[in-house]
K.L.:
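I'd like to ask you about the structure that follows.
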Amino acid sequence: MASLTVTDEHVGATPAKTIQPVWVRVMHWTNAVAMILMILSGWQIYNASPLFGFSFPRGYTLGGWLGGGLLWHFAAMWLLMINGLAYLITGFATGRFAKKLLPITPSGVLHDVRAALTFKLSHDDLSVYNYVQRALYAGIIVVGVLIVLSGLSMWKPVQLHWLVTLFGDYPTARYVHFFCMAAICAFIVIHVLLALLVPKSLRAMIIGR
């Protein structure tokens with residue numbers, strides 16, 4: 001009888017809720033690898049012609065020299081662009097962006113920032129993004145588009161002269177590219193810290209539930 005009762009309860013148990021579908025998880029981790037490669041190789045390229053009065057430590061660069069950095073950067077560029085484009089198309093086509101990222105209101109963001117600073121921001125339902133998450137994720141998508149466009153204008157300034165013109169000129173495109181990289185690095189730090197503070201969000205991005 002006891003055995004039968006346990007079986008009945010197991011059969012009637014509610015299946016775990018899928019928070020992150022497979023396509024989101026695959027693209028997320030692919031993008032993470034591509035972005036790290038892009039950043040480290042980009043620092044190597046930056047060191048060859050710094051915009052500011054500093055260089056990145058050699059131990060945190062990829063490629064060993066300018067040529068090697070460029071090879072790594074271009075290889076990761078295609079991975080990032082193809083994966084990013086697929087993510088954008090799928091996100092819009094499935095309605096995920098509209099469902100997860102909208103609406104975003106200044107009052108909502110300020111409220112959730114205050115709640116986060118006082119450790120009162122709820123994370124009970126990981127399938128619903130708070131206003132801070134919505135603003136960060138929507139913002140990083142815009143930054144991602146800008147860094148790709150500025151990167152392309154730097155890569156092919158003659159062939160894509162019209163793209164360079166959109167940024168004003170080649171030097172301006174370099175500055176846009178740099179500050180977008182800095183924004184992405186800041187996002188990664190915040191993203192990792194939040195994942196460590198809410199471990200179940202990391203688990204959901206690994207196993208989906």
Side-chain angles (χ1 to χ4, degrees), residues 18-46 48 56 60-102 129 133-167 170 172-192 195 201-202 204-208:
T18 299
I19 298 173
Q20 303 291 1
V22 174
W23 67 269
V24 170
R25 284 177 277 149
V26 171
M27 291 182 182
H28 172 274
W29 293 111
T30 301
N31 188 66
V33 172
M35 189 57 67
I36 291 173
L37 294 176
M38 290 287 288
I39 291 172
L40 297 183
S41 59
W43 289 353
Q44 179 68 60
I45 298 169
Y46 169 91
F56 293 99
Y60 294 97
T61 62
L62 181 64
W65 62 299
L66 176 59
L70 287 169
L71 289 175
W72 275 104
H73 208 64
F74 291 147
M77 174 189 73
W78 291 110
L79 179 62
L80 181 68
M81 286 180 58
I82 294 172
N83 184 71
L85 184 60
Y87 178 74
L88 287 177
I89 292 174
T90 309
F92 282 115
T94 61
R96 179 180 174 84
F97 288 163
K99 179 181 178 182
K100 294 284 190 179
L101 304 181
L102 299 176
Y129 290 160
Q133 288 175 303
R134 294 177 191 180
L136 285 174
Y137 295 151
I140 205 63
I141 289 175
V142 174
V143 170
V145 172
L146 280 175
I147 201 168
V148 168
L149 293 179
S150 59
L152 288 175
S153 67
M154 292 161 56
W155 179 38
K156 298 289 186 180
V158 176
Q159 295 88 337
L160 300 176
H161 58 87
W162 54 271
L163 188 55
V164 178
T165 303
L166 289 178
F167 288 101
Y170 184 88
T172 302
R174 283 196 69 197
Y175 281 104
V176 170
H177 201 69
F178 179 89
F179 286 116
C180 284
M181 177 277 298
I184 290 173
C185 289
F187 171 83
I188 291 174
V189 171
I190 296 172
H191 191 58
V192 171
S201 64
L202 179 59
M205 191 54 74
I206 295 174
I207 65 175

K.L.:
Any idea how F56 and F178 line up, ring-wise: parallel (<30°), tilted (30 to 60°), or perpendicular (>60°)?
P.N.:
tilted
K.L.:
Take a 6.0 Å sphere around CH2 of W23 and say whether it holds more than 12 heavy atoms from other residues, nucleotides or ligands.
P.N.:
yes
K.L.:
Decide yes or no on side chain to side chain contact (heavy atoms under 4.5 Å, CB included) for K156 and L152, but give the supporting numbers first.
P.N.:
CA-CA 6 Å; K156 298 289 186 180; L152 288 175; over 6 Å; no
K.L.:
Check the pair L85 / I89 against side chain to side chain contact (heavy atoms under 4.5 Å, CB included), numbers first and verdict last.
P.N.:
CA-CA 6 Å; L85 184 60; I89 292 174; 4.0 Å; yes
K.L.:
Look at the aromatic rings of H28 and H191 and report parallel, tilted or perpendicular, splitting at 30° and 60°.
P.N.:
tilted
K.L.:
Do you know which two heavy atoms are closest between V143 and A183, and how far apart they sit?
P.N.:
CG1-CB, 4.3 Å
K.L.:
Quick one: CZ on R25 to OG1 on T18, what's the gap to the nearest 0.5 Å?
P.N.:
7.5 Å
K.L.:
So, taking the atom named OG1 in T165 and the one named CG in L160, what distance separates them when rounded to the nearest 0.5 Å?
P.N.:
10.5 Å
K.L.:
Mark yes or no for whether S41, through its side chain, and M38, through its backbone, hold a donor-acceptor pair below 3.5 Å.
P.N.:
yes
K.L.:
Just verifying a value: how many Å separate L136 CG and I141 CD1, rounded to the nearest 0.5 Å?
P.N.:
11.5 Å
K.L.:
Within the distance-only criterion (no hydrogens, no angle test), does the side chain of W29 pair as donor or acceptor with the backbone N or O of M205 below 3.5 angstrom?
P.N.:
yes
K.L.:
Taking all heavy atoms of C185 and all of W43, pick out the closest pair and write down the distance.
P.N.:
SG-CZ2, 4.1 Å
K.L.:
Which heavy atom of C180 sits nearest a heavy atom of L146, and at what distance?
P.N.:
SG-CB, 3.7 Å
K.L.:
Please list, chain by chain and in numerical order, all residues satisfying side-chain hydrogen bond (donor to acceptor under 3.5 Å, both in side chains) with T30, sequence neighbours excluded.
P.N.:
none
K.L.:
Over all heavy atoms of both residues, which pair between A86 and M27 is shortest? Give the atoms and the distance, please.
P.N.:
CB-CE, 3.7 Å
K.L.:
Report yes if the side chains of L166 and L149 come closer than 4.5 Å at any heavy-atom pair, otherwise no.
P.N.:
no
K.L.:
Restricting to side-chain hydrogen bond (donor to acceptor under 3.5 Å, both in side chains), what partner residues turn up for T172, sequence neighbours left out?
P.N.:
D169
K.L.:
Which atom pair, heavy atoms only, marks the closest approach of P21 to I19?
P.N.:
CD-O, 3.8 Å
K.L.:
Mind checking the CD-CD1 spacing from Q44 to I39? Nearest 0.5 Å is all I need.
P.N.:
15.0 Å
K.L.:
Can you tell me how far apart CG (L79) and CE (M35) are? Round to the nearest 0.5 Å.
P.N.:
10.0 Å
K.L.:
List in chain and number order the residues that pass side-chain hydrogen bond (donor to acceptor under 3.5 Å, both in side chains) with S153, two or more places apart in sequence or in another chain; answer none if no residue qualifies.
P.N.:
none
K.L.:
Per the ring pair (Phe, Tyr, Trp, His ring centres under 6.0 Å) rule, which among F97, Y137, F92 passes with Y87?
P.N.:
F97
K.L.:
Taking all non-hydrogen atoms of both residues, which atom of I147 and which atom of M181 are closest, and how far apart?
P.N.:
CD1-N, 3.6 Å
K.L.:
Just verifying a value: how many Å separate R96 CZ and L101 CG, rounded to the nearest 0.5 Å?
P.N.:
8.0 Å
K.L.:
Within the side chain of R134, is there an N or O that forms a donor-acceptor pair under 3.5 Å with the backbone of Y129?
P.N.:
yes
